[in-house]
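Single-structure report; data block below.
Quick caveat: nothing in here was measured; it's all calculated off a predicted structure.
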Amino acid sequence: MITLFIVLLSIFVLLYLVSMFMGKEMHIERTINMNRPKSVVFEYLKQTKNQDYFSVWNMKDPNMTKSYTGQDGTVGFSYSWDSPTDKSVGAGKQTITEIIEGERIVYQIAFERPMKNVAQSQFLLKQISETETAVTWDFNG
């Protein structure tokens, strides 16, 4: 009995120590070059509803429930989703929190499922030439 207790206690202590050294923050960043002028790319990305055409998560469950609040492409616009059939898509709300015209679009994302979490994401645009734009997407949570 004492041996079992010591083994279980050792496992819990080990798990606790491992969790202390694991990162609590996550940062993902990707950049792609688009063969379009910066103004065209920015206007397209500013419309949150366009994410249905390029977001892996939006395309993963085409039958998820979506609702919108406010005017798309403006600060305060919110997009909510709920996918009861695909656990990886889950449910949540994405809100535009900042727009720096032609440069950056910032979002707050509040996840409800599969786990509660609040994160920030943004699109950053950089003109490479008259007809080419670098788009960097980052996610911090």
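Residues G141 and A119 come closest through the heavy atom pair CA-CB, 3.8 Å. The shortest heavy-atom contact between K46 and D72 is O-OD1, 3.8 Å. In terms of heavy-atom proximity, Q71 sits nearest to T74 at O-OG1, 2.5 Å. Nearest heavy atom pair, residue N33 against residue E132, reads CB-OE2, 3.5 Å. The two atoms that bring A134 and T31 nearest to each other are CB-CG2, 4.3 Å, heavy atoms only.
Proximity of a side-chain donor or acceptor of D82 to a complementary backbone N or O of A91 within less than 3.5 Å is not detected. Distance alone, capped at 3.5 Å, places no donor-acceptor pair between the D52 side chain and the M59 backbone. In this structure a side-chain-to-backbone donor-acceptor pair under 3.5 Å is missing from D61 to S83. The closest donor-acceptor contact from the side chain of T133 to the backbone of R36 lies under 3.5 Å. Counting only distance, with no hydrogens or angles, the side chain of W81 and the backbone of S67 share no donor-acceptor pair below 3.5 Å.
Taking CD of Q120 as the reference point, atom OH of Y107 lies at 12.0 Å (rounded to 0.5 Å). Within the model, atoms CG of N140 and CD1 of I109 stand 10.0 Å from one another, a figure rounded to the nearest 0.5 Å. Taken from CZ in F77 to CD in Q47, the straight-line distance is 8.0 Å, to the nearest 0.5 Å. Taking CD1 of I128 as the reference point, atom CE of M34 lies at 11.0 Å (rounded to 0.5 Å). Taking NZ of K60 as the reference point, atom OG of S88 lies at 3.0 Å (rounded to 0.5 Å). Between I105 atom CD1 and I100 atom CD1 the span is 10.5 Å, to the nearest 0.5 Å.
Using a cut-off of 4.0 Å between Lys/Arg side-chain N and Asp/Glu carboxylate O, E103 and K38 are scored as salt-bridged. Salt bridge status for D138 with R30: absent, with no side-chain N to carboxylate O gap under 4.0 Å.
Side-chain heavy atoms closer than 4.5 Å link hydrophobic residues (I, L, V, M, F, W, Y) into clusters, and following such links, possibly through other members, connects W57 to Y53. Note on I32: it clusters hydrophobically with V41, by side-chain heavy-atom contacts below 4.5 Å among ILVMFWY residues. Under the 4.5 Å side-chain heavy-atom criterion for grouping Ile, Leu, Val, Met, Phe, Trp and Tyr, L124 is not connected to I96 through any hydrophobic cluster. Both F54 and M64 belong to a single network of hydrophobic side chains, linked directly or stepwise wherever heavy atoms of I, L, V, M, F, W or Y lie under 4.5 Å apart. The cluster map of Ile, Leu, Val, Met, Phe, Trp and Tyr, joined by side-chain heavy atoms under 4.5 Å apart, puts V106 and F139 in different clusters.
No side-chain N or O of T69 forms a donor-acceptor pair with one of S78 less than 3.5 Å apart.
Using a 4.5 Å cut-off on side-chain heavy atoms (C-beta onward), Q94 and T48 make contact. Contact annotation: the side chain of K87 never approaches that of R113 to less than 4.5 Å [non-hydrogen atoms, C-beta and beyond].
For K116, the salt bridge (Lys or Arg N to Asp or Glu O under 4.0 Å) partners are E112, not counting sequence neighbours.
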CA sep, side-chain torsions, deciding dist, call: E101, E43, side-chain contact (heavy atoms from CB on, under 4.5 Å): CA-CA 9 Å; E101 201 61 38; E43 288 304 314; 3.2 Å; yes
CA sep, side-chain torsions, deciding dist, call: Y68, K49, side-chain contact (heavy atoms from CB on, under 4.5 Å): CA-CA 9 Å; Y68 307 96; K49 291 177 184 177; 3.6 Å; yes
side-chain contact (heavy atoms from CB on, under 4.5 Å) between Y79 and K66, worked out: CA-CA 7 Å; Y79 152 67; K66 300 175 191 171; 3.9 Å; yes
Residue pair L45, V135: steps toward the side-chain contact (heavy atoms from CB on, under 4.5 Å) verdict: CA-CA 10 Å; L45 291 176; V135 177; 3.8 Å; yes
